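Not measured: the values here are computed from a predicted model.
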Amino acid sequence: MPIRRLDPLTIDRIAAGEVIERPAAAIKELIENALDAGAKSIEVAIEAGGRRLIRVVDDGGGMDEADLALAVERHATSKIPDRDLTAIMTFGFRGEALPSIASVSRLEIRTRSPGAPTGLKLVVEDGVKSAIEPCASPCGARVEARELFAATPARLKFLKSDRSEALAAADAVKRLAMTAPEVCFSFTTDVGSSFDWPPSGGGEAGFTERLRQALGDDFAANSVPLEASRDGARLFGRAGLPTYSRPNASQQFLFVNGRAVRDKTLAGALRGAYIDFLPPDRHAVAALFVECDPREVDVNVHPAKAEVRFRDAQAIRSLIVGAVKQRLNEALHRASTTGGSATILAMRPPQPYRGASYSPRWDWRASPAAPQLAEPAQASFAEVAPSSPAPAAWASERDVAAPLGAARAQVHENYIIAQTRDGVVIVDQHAAHERIVYERLKRQREQGAIERQALLTPLVVDLDSDAAALIDAHAAELTALGLIVEGFGPGAVMVREAPAAIAQGDLVGLVRDLAADLAADDGAQTLARRLDQRLATFACHHSVRSGRPLKPEEMNALLREMEATPGAGQCNHGRPTYVELKLSDIERLFGRK
C-alpha cells in the first residue's frame, strides 16, 4: 500500500484518542485551561456521564477574536511564551485539547475578554469551524461539548456506564480543586452526586479546608499534616493514619507543581513510607503535593500529562518516605477516630425490639426473675468479676488523665479495659505489645547494635555474574545491616555472618531476592526492609501472648509504653491495637442520644 498523508480530521481523531480517552479527560483539559486563564469560579455540568453534554464555565480572562480562531487549531497555544519546554509553568501547553475535543463532539465556545463590548461564539462540528459571531456572554469562557464520541462509535462502546463515567468526572474535578483552594468549584450531574465548594482561601488553613471539602471530615480528623524540604524540593499535604487505610489506592492524591499525576515514583514512595504500618492488601489515604524547579521534572512524557519523570527520582522518593515516616512516628499511639463508630455499628442490633409488653416504666424488681439478694446489689457482682480486676483506688489521677487512661480490668485474658476522662479504651494486649517489641528491635538495628551470628559453615549462594557483582558492590552497606558477604568467583557470593534474628531462616532466598531488588535500584534499603519484616515476625513470637493474665500494674505499664511508642495504634500486621469509645458513643449505644 503506498504511503499517503492522513486527512486533518483523521489526524485530529488520532490525537483525541491519546488525549481524550473518556469524558473525565475532556473535563480535566477544560478546567486546566480555565485555571491557566486565572479563573476564580469554575462551574462544571455533565449529562449522561458526559456523553450527552459537558459544560465548563469560568470567569477567567477570556479570548479575543484572533485567539478564539486559533484556539481550535492543533498545536496552537498561549502557554509557552519563550518556547522553553524545560520550564513549563502552566497546566496545558500542547495545544491539542480543544481541537481533539472538537474532532469527537459538537463543540461550542462562548467567550468575552475584559473590556470587550460583546461576547464571541464559535462552533466546530465534524472538524468544520463556523464563522465567529457576536453573542451575549459574561467575561470568561463557556465551553460546551455535546454528543461526545458520536462520530467515533468504536470509542463510544468502550465507555462505562453513565454512573461510572460521572464518578470519574467528579474525581477529575475533585483532584483539580485540591490544587486551587482559592477557586470556587461546582459540579452538577444528572447521575450521581453534585457538589458546590466555595473558595476556602489561601495559606495552610485554606488548603486544609479544601481537603476537608474534597475528602470529608473523617480525613481531616484522621490525618497528619506534612511539611518538608530537601535539595530545592518541597513536600506538603496530609497523610492518613495507618488505621484509616483503604483496600485500594483510589484515595491517594498525588500532585507535582500543582498538576495531578499518577506517578510510579510517588506511589512507590508512599507505599514505602507505610511499609511498617500497613499489610500489603491495605493502602494509605493521602494528599501529597510536591513542588520543585520545573527544570527538574519532565511533564511532557505522556499525551494527557498524567505522568511525569524526575531528574533525580531517588531524592524525591527519599523526601516523601522520610517526611511521612517522621510524621507517623510523631503520631505515636494515635489511631483513627472512626474505630468507635465502627464498634457501635457492630454492636447495635439491626432493629431494636419493641414487643407488646414493652414499657418505658418497666421495673426490674417487679419481674418474677428478679434475684432475692440479702446483700447490696453491687456486691452481688463479685462472683462474676473480670479476669484481672484493677481497683479504681489503685490507679492515680495521672493515669486516668493519660491518653489511654487507667486500666480497670482484663477480660478473656487478652483485652484490657481502661477508663479515660471522657470514655473507655479497649486494648488488644498481644497486638499492642507486638508493636512495642518490634519498635525496640528496630531501634537496636538503627543504633548499630544488631546482633550477628557467624555461620558454622559459610554459605555459598550461586547467582548470575551481574547479580553477584551487585551484591559484592554493596557489601559495605550490607555489613552495616548485619549481613557479611564477599565475592566467591564470577557467579557466586559467600555469606559468613547474618543478623541473629534471621540466621536460621532462608538466607539463600534472602540473598537472591536482595540481588533482584538491587537490580531494581532499591539499594541497600532493601535488606533493611526485609530485616524489618523478619523482626516483625520475631516480635510477634516474643510478645505478651493472648490468654496471659496481667496484674494491674502490668496493664498500666503497657498503656504508658504504648503512648510513647511510634505506630502503637496498630500492630505489625496493620490491625488496630485499641478501640476508643467516647461517652457520647456509649450513650448512643444505649439510646441516650
Side chain to side chain contact (heavy atoms under 4.5 Å, CB included) between Y438 and I436, worked out = CA-CA 5 Å; Y438 174 50; I436 292 171; over 6 Å; no
Carboxylate-amine/guanidinium proximity below 4.0 Å for [X] and [Y]:
X	Y	value
K28	E32	yes
E165	R22	yes
R234	E227	yes

Below 4.5 Å, heavy atoms only, C-beta onward: do [X] and [Y] meet side chain to side chain?
X	Y	value
Q251	L215	yes
Q326	V324	no
F185	M178	no
I46	P23	no
L107	E144	no
V224	R334	yes
M562	P403	no
P566	D276	no

Is there a donor-acceptor pair under 3.5 Å between the side chain of [X] and the backbone N or O of [Y]?
X	Y	answer
R110	V143	no
R435	G567	yes
R238	A287	no
D59	K40	yes
S164	K160	no
S200	E209	no
T111	G140	yes
E73	P99	no
R512	L463	no
T577	A568	yes

Should the heavy atoms of other residues, nucleotides or ligands under 6.0 Å from CZ of R262 be counted, would the total exceed 12?
->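 Not buried by this count: 12 neighbours or fewer within 6.0 Å.
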Sequence neighbours excluded, every pair satisfying ring-ring contact (aromatic ring centres under 6.0 Å, His included) that has a member inside residues 239-286 |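 Non-adjacent pairs meeting ring-ring contact (aromatic ring centres under 6.0 Å, His included): F255-F289.
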Heavy-atom pair with the smallest gap, counting every atom of [X] and [Y]:
X	Y	value
A286	A239	CB-CA, 4.1 Å
L319	A228	CD1-CB, 3.9 Å
L254	D263	CD1-O, 4.3 Å
L120	D64	CD1-C, 3.8 Å
P114	C139	CA-SG, 3.9 Å
A166	T189	CB-OG1, 3.9 Å

Would V256 and L266 count as a side chain to side chain contact (heavy atoms under 4.5 Å, CB included) if you check the C-alpha gap in whole Å, the side-chain angles of each, and the deciding distance to 0.1 Å?
-> CA-CA 9 Å; V256 177; L266 302 183; 3.7 Å; yes
Interatomic distance, [X] atom [atom1] to [Y] atom [atom2] [nearest 0.5 angstrom]:
X	Y	atom1	atom2	value
L35	D58	CG	CG	8.5 Å
I316	T265	CD1	OG1	9.0 Å
Q570	L328	CD	CG	8.0 Å
D231	D312	CG	CG	7.5 Å
E21	L159	CD	CG	10.0 Å
C292	L235	SG	CG	11.0 Å

Can a donor-acceptor pair be found between the side chains of R112 and S137 at a distance below 3.5 Å?
-> no
Pair T208-E204, side-chain donor/acceptor within less than 3.5 Å | yes
With side chain to side chain contact (heavy atoms under 4.5 Å, CB included) as the test, would you mind laying out the steps for D472 and V485 before giving the verdict?
-> CA-CA 7 Å; D472 192 40; V485 297; over 6 Å; no
Could you give me the CA-CA distance, side-chain angles and deciding distance for L211 and S223, then say whether side chain to side chain contact (heavy atoms under 4.5 Å, CB included) is met?
-> CA-CA 11 Å; L211 289 186; S223 60; over 6 Å; no
